[in-house]
Structures are given as structure tokens and as C-alpha cells.
Student: 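Could you have a look at this structure, given as C-alpha cells, before my questions?
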Amino acid sequence: MPKKKPYIFYWCRDCEVDFIASKQVKKACCPSCADSIYVQLVRDIWLERPFNYKRPWTSDEDEIVLTSLKRGMTHAEIGKEVNRTGKAVTRRLSQLRKSRNEENLRQRNHQENA
């Protein structure tokens, strides 16, 4: 059984958004307004997995990953930028490369058959 980890449930009074942050975060900022003045602690919670566990990848995140990789950033640095782990970024890059290779093969087969 996975070990439970501490998180804190916050609420922003300004934009009325609730969000969860790791207990390791010193000062939580609202993800909507990026301000910490109106952020209010609601309660402590314990979760087995991070709240973004198996969250689907968006096209914007894919674009950030690819451009960051071209800039020479490490997978861990890219993970911090998109709020994912370095291992998740590595897996996503392999999936993107695999899908591009399959697309290239389809195009070659289509050109050869035409």
C-alpha cells in the first residue's frame, strides 16, 4: 500500500478558487490570480498519490515540453515547469517520439502506394 503524504487544502478569497498544495510548499499562491495575499488555509489532508496523478497531457504541455527540450533543459527542469515529475516527462517524450515515427511510416507507405 502506498504511503500517504501530507497536503494542504487552500481557498483564495479573491477569485474564489480552491486548490491543493504539498505541505512542503512554504507559501502557497493561488493558481488563478498568482497572489498569496487572499489565500486561506482550509484544512490539512493526506493523500496516497499526488493530486495530479495520471492527469491527461494537454497540447500546451506537449508544446512546452518540446520547446524546453530544444532549449537544452533537463527532464526534471521541464517537469517543474509543467508541474509533473521528471519521469513523467521522459515517458511523455517517448510517447510523442513513437507517435511521430508512426506518422512518418504512414506517410512513406502512402507515398509509395500512390
Side-chain angles (χ1 to χ4, degrees):
M1 182 170 197
K3 186 176 180 181
K4 292 187 177 185
K5 296 180 182 175
Y7 288 88
I8 300 176
F9 188 73
Y10 291 101
W11 181 65
C12 180
R13 292 176 295 175
D14 188 30
C15 42
E16 298 180 357
V17 173
D18 51 355
F19 61 98
I20 299 172
S22 172
K23 192 126 185 174
Q24 297 171 347
V25 175
K26 302 262 189 246
K27 192 169 187 178
C29 294
C30 175
S32 180
C33 65
D35 199 0
S36 62
I37 297 172
Y38 300 106
V39 171
Q40 178 180 351
L41 183 136
V42 177
R43 68 173 188 242
D44 291 344
I45 57 175
W46 289 80
L47 300 174
E48 288 183 11
R49 294 186 170 91
F51 53 91
N52 61 354
Y53 181 73
K54 291 196 176 182
R55 180 174 38 117
W57 285 84
T58 63
S59 58
D60 292 338
E61 287 176 328
D62 288 342
E63 193 173 314
I64 290 170
V65 167
L66 293 173
T67 55
S68 300
L69 188 67
K70 288 178 184 176
R71 282 195 246 147
M73 296 174 69
T74 65
H75 293 185
E77 292 171 341
I78 297 170
K80 286 180 184 176
E81 196 171 310
V82 292
N83 197 20
R84 306 263 185 169
T85 63
K87 197 169 189 175
V89 171
T90 304
R91 278 193 225 115
R92 186 59 183 170
L93 281 169
S94 68
Q95 289 174 350
L96 291 172
R97 287 179 184 136
K98 185 177 178 181
S99 67
R100 284 190 176 175
N101 287 339
E102 289 175 359
E103 287 177 17
N104 290 339
L105 286 173
R106 284 188 202 133
Q107 289 176 355
R108 287 181 192 162
N109 288 337
H110 182 70
Q111 289 174 350
E112 290 174 1
N113 293 334

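FYI, the numbering just counts along the sequence from 1.
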Student: So which atom in E61 and which in P56 form the shortest heavy-atom distance, rounded to 0.1 Å?
Tutor: OE1-O, 4.0 Å

Student: How far does OG1 of T85 sit from CZ of R91, to the nearest 0.5 angstrom?
Tutor: 6.5 Å

Student: In the hydrophobic clustering (ILVMFWY, side-chain contacts below 4.5 Å, transitive), which residues join V39, or is it alone?
Tutor: I8, Y10, F19, L41

Student: If you look at every heavy atom in D14 and C33, which pair is closest and at what distance?
Tutor: OD2-SG, 4.5 Å

Student: What side-chain donor-acceptor pairs closer than 3.5 Å can you find for residues 96-103, not counting sequence neighbours?
Tutor:
unit_1: S99; atom_1: OG; unit_2: Q95; atom_2: O; d: 3.4
unit_1: S99; atom_1: OG; unit_2: L96; atom_2: O; d: 2.9
unit_1: N101; atom_1: ND2; unit_2: R97; atom_2: O; d: 3.4

Student: Do the non-hydrogen side-chain atoms of H75 and L93 ever get within less than 4.5 Å of each other?
Tutor: yes

Student: Distance check, rounded to the nearest 0.5 Å: T74 atom OG1 versus L69 atom CG?
Tutor: 10.0 Å

Student: Consider only side-chain heavy atoms of I, L, V, M, F, W and Y, link residues closer than 4.5 Å, and tell whether V17 and F9 are in one cluster.
Tutor: no

Student: Are V65 and R92 close enough that some pair of their side-chain heavy atoms sits under 4.5 Å apart?
Tutor: no

Student: Measure across R84 and R55 and return the closest heavy-atom pair with its distance rounded to 0.1 Å.
Tutor: NH1-O, 2.9 Å

Student: If you measure from CD1 on I78 to OG1 on T90, what distance do you get to the nearest 0.5 Å?
Tutor: 8.5 Å

